[in-house]
Engineer: 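The structure is given below, and queries will be raised subsequently.
This one's a predicted model, so the numbers in the text were calculated from it and none came from an experiment.
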Amino acid sequence: MAVNSLLRCSIRLQRKRVATHLAQQRALSGAEAVTALRPFYFAVHPDFFGQHPVEREVNETSLKRLNSYLDHLQKPGSHSVRPMKLTFYVRDTKDSSDVQPDLLASGFRSVSFTLHTYDVLSTVWNVLKSCSLPTEHMKDLKTSVETSKRPPEGGGAFYRPIRWHKSYYSFTGFKDPEQELQQARRVEPTLILWLRNNEPEATKKNTASLPRREELNRLKNELSRKLDLSDIRWQRSWGVAHRCSQLQSLSRLSQQDPGTLRNLRGHTVMFADQSGLNASGHIMLGTMDVHHQWTKMFQQLPSYHSLLQQSDWLKERISLLLGGTQVVHKERLGPIQPITEHYSTLNTFHKSLISRRLRLHPRSMQGLSMLLENDRTNPSLHEMGYFIIPTTCDPPKLQVFLQSHAPEARQRTQRRNQLQAEEAAVVKLCLHNLSLSSLSKEPSVSSSQMIMCCNRLVEQRSPLMQGLHICVSQFYSVMQDGDLCVPWDWKS
């Protein structure tokens, strides 16, 4: 009895001291963490990536996950935190360190790192160091936190870290926190392990979402037939319930004012951040707009169509002047551009071309494509074979660039076409062999990364994925409707 009583007292003392120790480790407050991360927020905040939707969406998602990680650390008693892999696109700022990795074609650095810290201070320090951002302003914070951990000089309770003998954990069944921390730092979760831990939650959410998914498909098919639409799409990865409410809103408008919606016939409707017509000729419905704003935009569609026709004519003229190079607008490579802005860009570029006579053979650049960008100063060649040309590029300089880079552009274009065909085939194989409900990828995942990921998934052939919706991404996550996000470079 005495032994059991002593053991219970020891356990209570252990719990109390561990809780005190963890609380002192988290001495950095939430407000101080935000202040310390200010250079980081300035380098990665999505508001600075308006012209780059791929990078913007990656940063939005990663910031949400980082904030969730920090919030979890600040909760009392939450000393068990799973390692979290994050990916950010980082802008070059004056605060960046002198030594920089190679920039991507977009002009940003891609930084990936895994958080396996157990206190706010270490987390903030890890984030800044991983992104090559300054940490000098952290010294005062670090000093104040370390000072708070020192034992009082007076008659207060003496503090020392508790390191129990291994036999204590064997006898009581408690987990050794130091051993757990070492394992978390040493090992990232493998795909199979992560699926075993998260497949039940994904299956539960997916099952709960089935009625909403059926309703979404019903509404989409019904509206497509009723309004004679070519397709219905979404700009962002909104949840199923959110998409249903958007379709229901459009359905109510079609009942209230069917005459106005006749202008939608034959078009692709896209629920987006703003209303209008985009460069691809798709009708955008702003999700924050009300019916009155949608109706007003529908009435302006004839004038938008006129701009679209003029834009097509300008593209033909530009192609003739540049040896057959086609002006394209890839939504995956750039923002959703309104037709008014697209027409203005084409018109400005066309005027600069006809001001100087170029000497390009009419078909010397046949089969090549180019993207026009207003915020770029020098021409470049994208890894996928597209020329990226500034709107105000000097015509003679442009001619030299196109002619000197045409062979490389053709090779990259051919490689891109091969990869896209191979990607389509391996996605189809993966869907069939793993019995998936769907398989998609985020815009930040390239074709070569998708191919490698799918081939490995087919080899792994995990039954835990059967019947689920899989999205190849940069990190692990279970979405609100049960979709599983899996990093393209998952560990086996």
Engineer: Measuring from His329:NE2 to Lys315:NZ, what's the distance to the nearest 0.5 Å?
Structural biologist: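 If we round to the nearest 0.5 Å, His329:NE2 and Lys315:NZ are 8.5 Å apart.
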Engineer: What pair of heavy atoms forms the shortest contact from Phe387 to Thr325, and how long is it?
Structural biologist: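 Looks like CD1-CG2, 4.5 Å.
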Engineer: Kindly indicate whether the side chain of Gln449, heavy atoms from C-beta on, has any atom under 4.5 Å from the side chain of Asp489.
Structural biologist: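 Result no, sub-4.5 Å side-chain heavy-atom pair not found.
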Engineer: With no hydrogens and no angle check, do the side chains of Ser369 and Gln326 hold a donor and an acceptor under 3.5 Å apart?
Structural biologist: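 No, no side-chain donor-acceptor pair sits under 3.5 Å.
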Engineer: For the side chain of Thr413 and the backbone of Ala409, is there at least one donor-acceptor N/O pair under 3.5 Å apart?
Structural biologist: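 Side chain of Thr413 to backbone of Ala409: a pair is present.
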Engineer: Has the side chain of Ser110 got a donor or acceptor atom that lies under 3.5 Å from a matching backbone atom of Tyr89?
Structural biologist: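 No; zero donor-acceptor contacts below 3.5 Å.
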Engineer: Nearest 0.5 Å please: distance from the SG atom of Cys131 over to the CZ atom of Phe113.
Structural biologist: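 The distance works out to 4.5 Å.
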Engineer: Are side-chain heavy atoms of Thr203 and Leu468 found at a separation under 4.5 Å?
Structural biologist: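 Contact flag for Thr203/Leu468 side chains = yes.
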Engineer: Go through the side-chain N and O atoms of Gln310 and Ser306 and say whether any donor and acceptor fall under 3.5 Å apart.
Structural biologist: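 Yes, because at least one side-chain N or O of Gln310 sits under 3.5 Å from a partner of the opposite role on Ser306.
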Engineer: If I compare all heavy atoms of Asp481 with all of Val240, which pair ends up nearest, and what's the gap?
Structural biologist: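 Asp481 and Val240 have their closest heavy atoms at OD2-N, 2.8 Å.
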Engineer: What closest approach, in Å, do Leu308 and Ile339 show between heavy atoms, and which atom pair accounts for it?
Structural biologist: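 Between these two residues, the closest heavy atoms are CD1-CD1, 3.7 Å.
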Engineer: Specify the closest pair of heavy atoms between Phe401 and Leu381, including all atoms of both residues, with the distance to one decimal.
Structural biologist: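 Minimum heavy-atom contact is CZ-N, 3.9 Å.
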Engineer: Looking at Arg218 and Glu215, does any basic side-chain N land under 4.0 Å from a carboxylate oxygen?
Structural biologist: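 Glu215 and Arg218: salt-bridged.
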Engineer: Keeping the roles fixed (side chain from Thr190, backbone from Leu193), state whether a donor-acceptor pair exists under 3.5 Å.
Structural biologist: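 It does hold such a pair.
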Engineer: Salt bridge or not between Asp394 and Arg356? Use side-chain N to carboxylate O under 4.0 Å.
Structural biologist: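 A salt bridge is present here (some side-chain N lies under 4.0 Å from a carboxylate O).
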Engineer: Just so I know, are the side chains of Arg461 and Leu434 near enough to count as touching, which here means a heavy-atom distance under 4.5 Å?
Structural biologist: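 In short, these two side chains touch, coming nearer than 4.5 Å.
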Engineer: If we ignore hydrogens and angles and just use 3.5 Å, is the side chain of Asn433 paired with the main-chain N or O of Val458 as donor and acceptor?
Structural biologist: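 Not confirmed, Asn433 side chain does not pair with Val458 backbone.
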Engineer: Taking atom CD as the centre, does Gln414 end up with more than 12 heavy-atom neighbours from other residues, nucleotides or ligands that are less than 6.0 angstrom away?
Structural biologist: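 No, the 6.0 Å shell around CD holds no more than 12 heavy atoms from other groups.
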Engineer: Supply the atom-to-atom distance Ile470 CD1 to Leu484 CG, rounded to the nearest 0.5 angstrom.
Structural biologist: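 Between atom CD1 of Ile470 and atom CG of Leu484 there are 4.5 Å.
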Engineer: Got Ser132 and Arg109 here, is their nearest side-chain heavy-atom distance under 4.5 Å?
Structural biologist: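 SC-SC contact between Ser132 and Arg109 confirmed.
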Engineer: Under the side chain to side chain donor-acceptor pair (under 3.5 Å) test against Glu408, which residue among Arg410, Arg412, His405 passes?
Structural biologist: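 Only match with Glu408 under side chain to side chain donor-acceptor pair (under 3.5 Å): Arg412.
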Engineer: Run the numbers on His342 and Leu307 for side-chain contact (heavy atoms from CB on, under 4.5 Å), then give the verdict.
Structural biologist: CA-CA 9 Å; His342 187 56; Leu307 278 180; over 6 Å; no
Engineer: How long is the span from the CZ atom in Arg416 to the NE2 atom in His382, to the nearest 0.5 Å?
Structural biologist: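 So the CZ of Arg416 and the NE2 of His382 are separated by 10.0 Å.
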Engineer: Keeping Ser224 on the side-chain end and Asn221 on the backbone end, is there a donor-acceptor pair under 3.5 Å?
Structural biologist: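 Absent.
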Engineer: Might you confirm whether atom NZ of Lys204 has over 12 heavy atoms from other residues, nucleotides or ligands at distances under 6.0 Å?
Structural biologist: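 Open.
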Engineer: So Leu264 and Phe298, side-chain contact (heavy atoms from CB on, under 4.5 Å) or not? Walk me through it.
Structural biologist: CA-CA 8 Å; Leu264 300 183; Phe298 294 152; 3.5 Å; yes
Engineer: May I ask you to say whether Glu201 pairs ionically with Lys205, meaning some side-chain N is under 4.0 Å from a carboxylate O?
Structural biologist: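 Here Glu201 pairs with Lys205 in a salt bridge, since their nearest N and O are under 4.0 Å apart.
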Engineer: If you draw the axis of the six-membered ring of Phe42, does the NZ or CZ of Arg91 fall within 45° of it and under 6.0 Å from the ring centre?
Structural biologist: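 Pair Arg91/Phe42 counts as cation-pi.
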Engineer: Does Asn126 reach the main-chain N or O of Ser122 with its side chain, forming a donor-acceptor pair under 3.5 Å?
Structural biologist: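 Side chain of Asn126 to backbone of Ser122: no pair is present.
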Engineer: Does the side chain of Ser249 pick up a donor-acceptor pair with the side chain of His291 at under 3.5 Å?
Structural biologist: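 Note: Ser249 and His291 side chains meet the donor-acceptor criterion.
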Engineer: So, Gln246 and Trp234: side-chain donor and acceptor under 3.5 Å apart, yes or no?
Structural biologist: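 There is such a pair between these side chains.
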Engineer: So, Glu442 and Ser473: side-chain donor and acceptor under 3.5 Å apart, yes or no?
Structural biologist: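 Judged by distance alone, the side chains do pair up.
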Engineer: Find out whether Leu285 and Asp289 are in side-chain contact, i.e. whether some heavy atom of one side chain is under 4.5 Å from a heavy atom of the other.
Structural biologist: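 They are not in contact (no side-chain heavy atoms under 4.5 Å apart), so the answer is no.
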Engineer: Nearest 0.5 angstrom please: Glu316 CD to Ser311 OG, how far?
Structural biologist: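 The OG atom of Ser311 is 11.5 Å from CD of Glu316, to the nearest 0.5 Å.
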Engineer: Out of curiosity, Ile283 CD1 to Tyr304 OH, how far, rounded to the nearest 0.5 Å?
Structural biologist: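 Ile283 atom CD1 to Tyr304 atom OH measures 10.5 Å (nearest 0.5 Å).
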Engineer: Output yes when a side-chain donor or acceptor of Gln399 lies under 3.5 Å from a complementary backbone atom of Arg359, and no otherwise.
Structural biologist: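 Judged by distance alone, yes, a pair lies under 3.5 Å.
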Engineer: Testing Glu423, Gln420, Glu422, Gln418 one by one against Ser447 for a side chain to side chain donor-acceptor pair (under 3.5 Å), which residue passes?
Structural biologist: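 Exactly one option meets the side chain to side chain donor-acceptor pair (under 3.5 Å) with Ser447, and it is Glu423.
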Engineer: Heavy-atom distance under 4.5 Å between the side chains of Asn206 and Arg213, does that happen here?
Structural biologist: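 Side chain of Asn206 against side chain of Arg213, heavy atoms only: contact under 4.5 Å found.
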Engineer: Taking His282's backbone N and O only, do any of them form a donor-acceptor pair with Ser280's side chain (distance below 3.5 Å, no angle check)?
Structural biologist: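 Not at all, since once roles are kept as given, no pair shorter than 3.5 Å links the two residues.
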Engineer: Looking only at heavy atoms, which two atoms of Leu346 and Val327 are closest? And how far apart?
Structural biologist: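 That closest heavy-atom pairing would be CD2-CG1, 3.8 Å.
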Engineer: I would like to know whether Leu261 and Ser254 meet side-chain contact (heavy atoms from CB on, under 4.5 Å); could you show each step before the answer?
Structural biologist: CA-CA 7 Å; Leu261 273 67; Ser254 69; 3.6 Å; yes
Engineer: Look only at the side chain of Ser62 and the backbone of Thr87, and say whether a donor-acceptor pair between them is shorter than 3.5 Å.
Structural biologist: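 Checked: pair present.
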Engineer: Identify the heavy atoms of Cys244 and Leu219 that sit nearest to each other, and give their distance.
Structural biologist: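 Heavy atoms of Cys244 and Leu219 come nearest at O-CD1, 3.9 Å.
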Engineer: Decide yes or no for Gln300 and Leu277: does some side-chain heavy atom of the first lie under 4.5 Å from some side-chain heavy atom of the second?
Structural biologist: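 SC-SC contact between Gln300 and Leu277 ruled out.
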Engineer: Taking C-beta and beyond as the side chain, do Pro379 and Lys397 meet within less than 4.5 Å on heavy atoms?
Structural biologist: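 Yes, at least one pair of side-chain atoms sits under 4.5 Å.
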Engineer: side-chain contact (heavy atoms from CB on, under 4.5 Å), that's the test. Do Tyr69 and Arg65 meet it? Break it down for me.
Structural biologist: CA-CA 6 Å; Tyr69 189 94; Arg65 301 180 74 237; over 6 Å; no
Engineer: Once the angle between the rings of Phe40 and Phe88 is folded into 0 to 90°, is it parallel (under 30°), tilted (30 to 60°) or perpendicular (over 60°)?
Structural biologist: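 Perpendicular, since the angle between the ring planes exceeds 60°.
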Engineer: Is there a donor-acceptor contact under 3.5 Å from the side chain of His361 to the main chain of Arg363?
Structural biologist: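 Here the side-chain-to-backbone pair exists.
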